[in-house]
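Starting from 1, each residue takes its place in the sequence as its number.
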Amino acid sequence: KQWYQRRVSITAGIAQHLYSCLYGTFLYDSERLRRENEVKTKTQSLWSYVNSFSTEFLNPLYKERKVCILPMISMRTIRLWRENWMAYHPFYRFQDPLFERLMELVHLREKIQSNCDELRARHQ
């Protein structure tokens, strides 16, 4: 999970909104048709939503590397994408308490950093 800058929830959300029609991002078959039907003025972009909550989708375990990630294409490595395909199953709820705790710690770190910056500014 540390290889990806964004959380799995963002890709699962994009996959779900591909068919939800809540955002104009995926309406019509081409950019020309989107322009002709004034999608930008009549709907909201999914990317506007994603960008407004960008910190919620960041993976706190991510570390930037200068290595190319190569996919494993063996049939043995293929797994069900639980966060997407099981999202609405009545007996399955994807919960990641460890990740939720990490997000709490990230927000706490940001708050502490902000307080430190404020104190430094006062004493300079």
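- How far OG of S45 is from CZ of F26: 8.5 Å, rounded to the nearest 0.5 Å.
- I73 shares a hydrophobic cluster with no other residue; no ILVMFWY side chain has heavy atoms under 4.5 Å from its own.
- Within the hydrophobic cluster formed by Ile, Leu, Val, Met, Phe, Trp and Tyr side chains joined at under 4.5 Å, directly or through other members, I112 is accompanied by L108.
- H17 is linked by a ring pair (Phe, Tyr, Trp, His ring centres under 6.0 Å) to Y23, counting only residues two or more places apart in sequence or in another chain.
- T41 contributes atom OG1, which lies 13.0 Å from atom CZ of R35 (distance to the nearest 0.5 angstrom).
- For residues 20-31, the pairs satisfying salt bridge (charged side-chain N to carboxylate O under 4.0 Å, His left out) are E31-R34, with sequence neighbours left out.
- By the side-chain hydrogen bond (donor to acceptor under 3.5 Å, both in side chains) test, D117 pairs with Q113, R120, sequence neighbours left out.
- Atom CG of L46 and atom CD of Q16 lie 11.0 Å apart (nearest 0.5 Å).
- In terms of the side-chain hydrogen bond (donor to acceptor under 3.5 Å, both in side chains) criterion, Q124 has no residue partners (sequence neighbours excluded).
- Residues satisfying the side-chain contact (heavy atoms from CB on, under 4.5 Å) test with S114, not counting sequence neighbours, are none.
- Its side chain outside the 4.5 Å cluster rule for every partner, V106 clusters with none of the Ile, Leu, Val, Met, Phe, Trp and Tyr residues.
- By the side-chain contact (heavy atoms from CB on, under 4.5 Å) test, E118 pairs with R122, sequence neighbours left out.
- Looking only at side-chain heavy atoms (C-beta outward), S48 and V50 stay at 4.5 Å or farther from each other.
- By the side-chain hydrogen bond (donor to acceptor under 3.5 Å, both in side chains) test, R76 pairs with no residue at all, sequence neighbours left out.
- Considering only residues two or more places apart in sequence or on other chains, T77 meets the side-chain contact (heavy atoms from CB on, under 4.5 Å) condition with M72, S74.
- Across all their heavy atoms, G24 and V39 have their closest contact at O-CG1, 3.4 Å.
- The CG atom of N115 sits 12.0 Å away from atom CD of E110, with the distance rounded to the nearest 0.5 Å.
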